[in-house]
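Report on the structure given below.
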Amino acid sequence: MLDKIKTLEPTRLYTAILMLIFVVLMIVFHSLMLIWGILGIALIVGFYESYKLYCGLKAPLWALGLVILLWIGVYFYPNPLELVFFLAILLASYQSYTKKGQIKHFMPFLYPCVPFIFLYLLYTTYGINSIIWLLIVVALSDSAAYFGGKLFGGKIFTNSTFCKTSPNKTKEGVLIGISFASIFGTLGGLGVCDFTFSLFVSILVSFASVFGDLYESYLKRSAGVKDSGSIFPGHGGVLDRLDGYFFGGALMYILLEIFKGGF
């Protein structure tokens with residue numbers, strides 16, 4: 001067991017510590033403009049990575065410009081998710097008229113743009129406590145699964161016959177991750193809702209984060225790359241770090257909206 005612990009990459013650990021410090025500072029000094037700005041920068045980098053995964057090409061300047069305009073609109077428009085559909089109408093109209101481009105060229109405008117909007121809405125609607133809650137759930141789902149898989153190994157999480165998306169993810173690791181995330185996430189959610197609902201949401205969000213990770217792994221395998229980028233040494237790119245938060249954050253916001261006033 002100790003030998004398996006020693007195999008953990010030091011670069012990954014050091015980067016994780018720096019990211020943790022950054023997150024703590026962001027939480028302490030949070031403001032609407034700060035969160036919007038940080039998410040916006042991450043969105044631009046994530047969009048660039050996503051475009052390469054989907055299309056095998058560098059994102060053109062016009063696409064990056066549209067993303068920037070979209071994010072500016074998110075700050076000012078009261079229902080920002082509607083802007084994505086407006087953008088879809090524009091791009092579909094252009095594509096049908098010119099017969100240029102493919103559907104895959106639009107996918108980066110959905111992933112990661114829509115998840116980033118959900119993260120922004122989670123903060124603006126339910127405050128910094130909801131972000132802390134999400135951080136606890138997703139971080140523990142990922143890190144506890146990572147260390148649990150390293151220590152205990154076990155059966156591959158995805159079916160090796162039908163799905164080879166993430167052969168390094170084990171059932172034991174995922175179970176450990178969800179267990180830790182559910183326990184401590186429930187405590188973190190008490191700043192937003194009551195105990196029962198916090199437990200319910202924490203469990204579902206933890207599951208969602210696992211499949212958020214799987215989806216990004218699927219994109220990387222389809223593109224034939226190991227990481228979406230290299231901005232975080234030992235961790236890869238923005239998509240590599242936020243994949244679980246994309247699915248988890250979207251589901252958390254939706255659940256809170258559905259049961260608003262009932263917890």
Side chain to side chain donor-acceptor pair (under 3.5 Å) assessment of Y126 paired with E257:
CA-CA 10 Å; Y126 296 99; E257 285 291 284; 2.6 Å; yes

Verify side-chain contact (heavy atoms from CB on, under 4.5 Å) between Y111 and D243, making sure each step is shown before the conclusion.
CA-CA 10 Å; Y111 182 92; D243 48 13; 4.0 Å; yes

For S141 and F207: C-alpha separation, side-chain torsions, deciding distance, then whether side-chain contact (heavy atoms from CB on, under 4.5 Å) applies.
CA-CA 8 Å; S141 298; F207 269 107; over 6 Å; no

Go through the steps to decide whether V201 and M252 satisfy the test side-chain contact (heavy atoms from CB on, under 4.5 Å), and finish with yes or no.
CA-CA 7 Å; V201 172; M252 178 177 285; 4.2 Å; yes

Got a list of side-chain donor-acceptor pairs under 3.5 Å for residues 184-198, not counting sequence neighbours?
| unit_1 | atom_1 | unit_2 | atom_2 | d |
| --- | --- | --- | --- | --- |
| T186 | OG1 | S182 | O | 2.5 |
| D194 | OD1 | T196 | N | 3.4 |
| D194 | OD1 | F197 | N | 2.9 |
| S198 | OG | T186 | O | 2.7 |

Donor-acceptor pairs under 3.5 angstrom involving side-chain atoms of residues 18-45: please list them, not counting sequence neighbours.
| unit_1 | atom_1 | unit_2 | atom_2 | d |
| --- | --- | --- | --- | --- |
| H30 | ND1 | Y123 | OH | 2.8 |
| S31 | OG | L34 | N | 3.2 |
| W36 | NE1 | W71 | O | 3.0 |

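In this structure, R241 pairs ionically with D142, as a charged nitrogen and a carboxylate oxygen lie closer than 4.0 Å.
The side-chain heavy atoms of I89 and F85, taken from C-beta on, include no pair separated by under 4.5 Å. The closest side-chain heavy-atom distance from Q102 to H105 is below 4.5 Å. No side-chain heavy atom of S209 sits less than 4.5 Å from a side-chain heavy atom of V137.
Residues satisfying the salt bridge (charged side-chain N to carboxylate O under 4.0 Å, His left out) test with K220, not counting sequence neighbours, are E216, D240.
A donor-acceptor pair under 3.5 Å is formed between the side chain of S143 and the backbone N or O of A139.
Taking the six-membered ring wherever Trp is involved, the centroid distance between the rings of Y215 and F246 does not fall below 6.0 Å. You'll find the ring centres of F118 and Y253 inside the 6.0 Å limit.
Using cut-offs of 30° and 60° on the angle between ring planes, the pair F47 and Y51 is tilted.
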